[in-house]
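Everything on this sheet refers to the single structure shown next.
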2 protein chains.
Amino acid sequence: MTDDDQASRPPAAAQQQPIYAVKAEFFRVLGHPARVRILELLRDGERSVGELQTELHLDSSGTSQHLGVLRRLGVLESRKEGTSVFYRVRDPRTFQLLEVARQILTSSLEATQALLTELAVPAGTRRRGGGPPA
Amino acid sequence: MTDDDQASRPPAAAQQQPIYAVKAEFFRVLGHPARVRILELLRDGERSVGELQTELHLDSSGTSQHLGVLRRLGVLESRKEGTSVFYRVRDPRTFQLLEVARQILTSSLEATQALLTELAVPAGTRRRGGGPPA
DNA sequence: TCGTTGTCTTAGAATCTTCTAAGGTTAGCT
DNA sequence: AGCTAACCTTAGAAGATTCTAAGACAACGA
């Protein structure tokens with residue numbers, strides 16, 4: 001490889017595409033469990049590929065491929081040290097994105113929970129405290 | 001159809017899945033140009049399927065399918081009025097998500113722009129004002 | 001130099017998503 | 001009832017992503 005790494009080629013998003021298409025591409029890249037997990041792991045600082053690989057329970061190939069997807073889009077950047085490569089998140093606002101998503105999903109799941117409870121226990125029958133007895 | 005619409009079945013996200021998988025599913029659903037556009041259109045209030053269809057330049061089938069994906073995951077909810085169906089975004093924080101994404105992408109694109117300029121015009125040669133001459 | 005470790009790449013199969021076309025349902029009108 | 005408009009569903013083809021396996025490469029140390 002004589003190209004790509006770090007500051008060389010336009011990070012994919014650079015094409016003359018409508019902004020909504022660029023956003024979609026960005027979300028699509030975040031739309032994989034392993035990649036979400038990678039971002040969560042990188043929340044508290046950079047990590048080597050090996051470390052990530054261990055925590056993700058993935059093999060070397062899979063790990064590299066997911067990291068590659070994130071790096072190509074400019075979400076991650078990397079630093080080489082000896083034989084190891086350390087990855088970090090380029091823009092801290094990326095974590096904000098994850099946080100907002102968590103909030104949205106949390107409310108949504110809570111609403112669903114409440115609804116299930118509602119269905120299981122006829123309305124007006126419940127004591128205070130919502131949760132199951134035990 | 002005797003099920004599904006509005007407040008009935010657990011909105012997909014309810015499965016006993018790890019939270020990062022739910023997040024990924026959520027992002028994946030946002031990861032399509034037409035769906036990003038739908039959300040942007042719904043930013044200033046609810047719209048009927050027909051209106052969306054017109055603005056998206058999609059046919060009835062495609063429009064319904066994308067709306068279905070978003071509704072099934074609980075991102076949208078709908079209201080029926082006569083023969084029309086109006087959709088709206090369930091959680092306003094969804095717009096915040098789009099906004100943060102826009103910010104991230106904007107910086108990223110600006111950085112890329114700067115870099116291209118840098119490559120085209122040797123460093124230290126530029127006058128103030130960044131942009132191309134005319 | 002040789003072997004080892006850490007990371008990346010490629011190729012093809014498996015899987016999932018999106019698109020296209022056709023038809024179905026419901027509400028409202030005459 | 002019969003017709004139309006608005007929306008939804010389905011099925012299969014087309015297209016894209018992900019997974020698995022194999023191997024390549026570079027840095028390091030013996």
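Proteins come first, then strands; the chains are lettered A, B, ... in the order of their sequence lines, and each starts at number 1. These numbers come from the heavy atoms of this one structure, side chains and all, not from hydrogens, waters or symmetry mates. Every value quoted in this text rests on a predicted model; they were computed, and no experiment measured them.
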Any donor-acceptor pair, under 3.5 Å, between the side chain of [X] and the base of [N], if you only look at N and O atoms?
X      : N      : answer
S61(A) : dT9(C) : yes
Q65(A) : dT7(C) : no
S60(A) : dC8(C) : yes

Parallel, tilted or perpendicular: ring planes of H32(B) versus H66(B), cut at 30 and 60 degrees: tilted
Any T83(A) side-chain nitrogen or oxygen under 4.0 Å from OP1 or OP2 of dA27(D):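 Negative; the distance criterion is not met.
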Rounded to the Å, how far apart are [X] [atom1] and [N] [atom2]?
X      : N       : atom1 : atom2 : result
R72(B) : dC8(D)  : CZ    : P     : 11 Å
E25(A) : dT17(C) : CD    : C1'   : 16 Å
L58(A) : dC8(C)  : CG    : P     : 14 Å

Between [options], which nucleotide has the shortest distance from any of its atoms to the side chain of [X]?
X      : options                  : result
R28(B) : dC7(D), dT17(C), dA27(D) : dT17(C)
H32(B) : dT18(C), dT26(C), dC8(D) : dT18(C)
S48(B) : dC8(C), dC8(D), dC7(D)   : dC7(D)
H66(A) : dT7(C), dT9(C), dC19(D)  : dC19(D)

Interatomic spacing from OH in Y20(B) to CG in L98(A) - rounded to 0.5 Å: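 So the gap between those two atoms works out to 14.5 Å.
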Gap separating the CD atom of Q103(A) from the CG atom of D91(B), nearest 0.5 angstrom: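 Here the interatomic distance stands at 9.0 Å.
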Pair E40(B) + R37(B): basic N to acidic O under 4.0 Å: no
